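Note sheet for the following structure.
These numbers were taken from a predicted model, which means no experiment stands behind them. Chain naming here is simple, since letters A, B, ... match the order of the sequence lines and numbering starts at 1 in each.
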Amino acid sequence: MTAPKMGSKTDERRAFLLAAVIVLQAVTAVFFLADVVADLIHDGKLDDIHMWLELVATGALGGGVIFLMVELRRVMTRLATLDRSMRAAQGEMAEVIDVFFTEWGLTPAERDVALMVLKGIDNDTIASLRGTAPGTVRAQCTSVYSKAGVDGRAQLFSVFMEELLAVEG
Amino acid sequence: MRREAITETGGGADAPAPADRRSILVWDPLVRLVHWGVAGAVLLNATVIEEESSAHELIGYIAVGLVATRLVWGVIGTHHARFSAFPPNPVAALRHISGLIRGRRKVHLSHNPAGALMVYNLWATLIGMGVTGYMMGARAYFGMEWVEELHEGLFVWLMMSVGLHLAGVVVDSLVTRVNLVRGMVDGRKSVAAGEEAE
């Protein structure tokens with residue numbers, strides 16, 4: 001889970017930087033272009049070295065903008081793909097969990113507790129989140145483990161890990 | 001072929017809990033930067049910056065540069081930012097508005113059809129203001145009355161459009177329960193589960 005998250009953070013920063021440079025270059029290009037047009041209207045000639053330099057600068061800036069835009073689109077496409085696949089995985093995982101919980105016949109309270117256990121929340125925190133005694137949470141956990149036919153926390157995880165890693169035959 | 005999400009749900013349904021909502025990345029940083037840049041430029045030039053000052057001119061150049069950037073991005077940009085994701089369609093815009101009035105929730109990942117028309121209107125007006133503003137400073141048109149009048153007329157039109165734009169954002173956000181302002185800030189639209197098909 002950490003690796004793609006970190007990757008997307010780097011990409012997000014990169015995308016922002018690209019966008020900022022694009023805007024800066026584009027604004028400068030427009031400024032140069034306006035100056036060229038003003039000079040043209042004024043004396044109608046393109047023979048000045050100053051004019052040519054400005055035109056070349058405008059062209060270079062414009063070309064740079066297009067180049068950076070293509071790069072930005074690539075970064076954004078990567079981010080969107082990552083976003084979508086994460087969402088699909090999350091959605092499917094939630095469904096898988098739901099199917100198992102139903103199959104095991106967990107009560108609503110047990111479902112709640114089991115989900116928090118899967119999220120890595122410790123018993124004391126679960127108790128305070130649910131406003132119950134730690135003893136109650138421990139009892140609910142024991143009930144969940146026995147309904148699921150596992151020894152404890154680690155084995156409960158492995159039920160879902162196995163599902164995730166299973167290769168369809 | 002329209003690929004953006006258009007879904008309908010009955011207006012009577014309960015608001016889904018936050019857990020049932022998915023946040024979808026729709027606006028890339030360039031779209032957001034241009035949006036807030038233009039908003040800031042308009043706000044500055046309309047209020048605190050003195051007319052006929054060089055600061056007013058500079059901010060005008062920046063605004064035009066931002067809009068020009070967005071127009072290029074509309075051709076080669078990301079999916080939701082491209083013109084093809086929000087073609088100008090007055091019939092669809094009217095249908096969207098009448099739907100909003102009747103409380104029908106239609107979620108669009110790009111601009112909604114009414115918002116699309118507003119976007120094109122704002123861009124055209126801003127370009128018009130930039131061109132007339134530029135002409136006012138150019139020697140060839142110096143002192144020509146109609147240029148100045150056009151610039152001021154466009155400004156009035158721009159202010160009316162901005163007011164309508166803000167009202168549209170508020171109404172659409174309330175009816176569809178998708179916070180459009182957030183979309184322009186962090187780029188994400190939060191859509192209720194099962195409410196959208198991309």
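Contact of A:Val37 with chain B is made through backbone and side chain together, with heavy-atom distances under 4.5 Å. Looking at B:Leu33, only its side chain comes within 4.5 Å of chain A, counting heavy atoms on both sides. If you measure heavy-atom distances from A:Ala94 to chain B, you find no contacts under 4.5 Å at all. For B:Arg32, the part sitting under 4.5 Å from any heavy atom of chain A is the side chain, from C-beta outward, and nothing else.
Here B:Gly77 is the residue among B:Gly77, B:Ala68, B:Gly37 with the most heavy-atom pairs under 4.5 Å with chain A.
A distance of 6.0 Å separates CH2 of B:Trp73 from CD1 of A:Ile22, quoted to the nearest 0.5 Å. Atoms CE and OG1, from A:Met69 and B:Thr78 in turn, are 10.5 Å apart once rounded to the nearest 0.5 Å.
Applying the 6.0 Å contact sphere to CZ of A:Phe32 captures no more than 12 heavy atoms from other residues, nucleotides or ligands. Annotation: B:Trp157, atom CH2; neighbour count of heavy atoms from other residues, nucleotides and ligands within 6.0 Å does not exceed 12. Annotation for B:Arg182: atom CZ counts as buried by contact number, over 12 foreign heavy atoms lying within 6.0 Å. Heavy-atom neighbours of A:Phe160 CZ from other residues, nucleotides or ligands within 6.0 Å: above the threshold of 12.
One hydrophobic cluster, built from ILVMFWY side chains closer than 4.5 Å, cannot hold both A:Leu68 and A:Leu24; they sit in different ones. Hydrophobic clustering, with ILVMFWY side chains joined whenever heavy atoms are under 4.5 angstrom apart, keeps B:Tyr120 apart from B:Leu94. Under the 4.5 Å side-chain heavy-atom criterion for grouping Ile, Leu, Val, Met, Phe, Trp and Tyr, B:Ile127 is connected to B:Met159 within one hydrophobic cluster. Note on B:Val181: it clusters hydrophobically with B:Trp27, by side-chain heavy-atom contacts below 4.5 Å among ILVMFWY residues. Linking Ile, Leu, Val, Met, Phe, Trp and Tyr whenever their side-chain heavy atoms come within less than 4.5 Å leaves B:Leu117 and B:Val169 in two separate clusters.
Counting heavy atoms from C-beta on, the side chains of B:Val72 and A:Val65 never come closer than 4.5 Å. By the 4.5 Å heavy-atom criterion applied to side chains, B:Leu25 and A:Met76 are counted as neighbours.
Residues of residues 39-67 of chain B that come closer than 4.5 Å to chain A, counting heavy atoms only, are B:Leu58, B:Tyr61, B:Ile62, B:Val64, B:Gly65, B:Leu66, ordered by residue number.
Contact between A:Arg73 and B:Ile76 at its shortest, heavy atoms only, is NH1-O, 2.7 Å.
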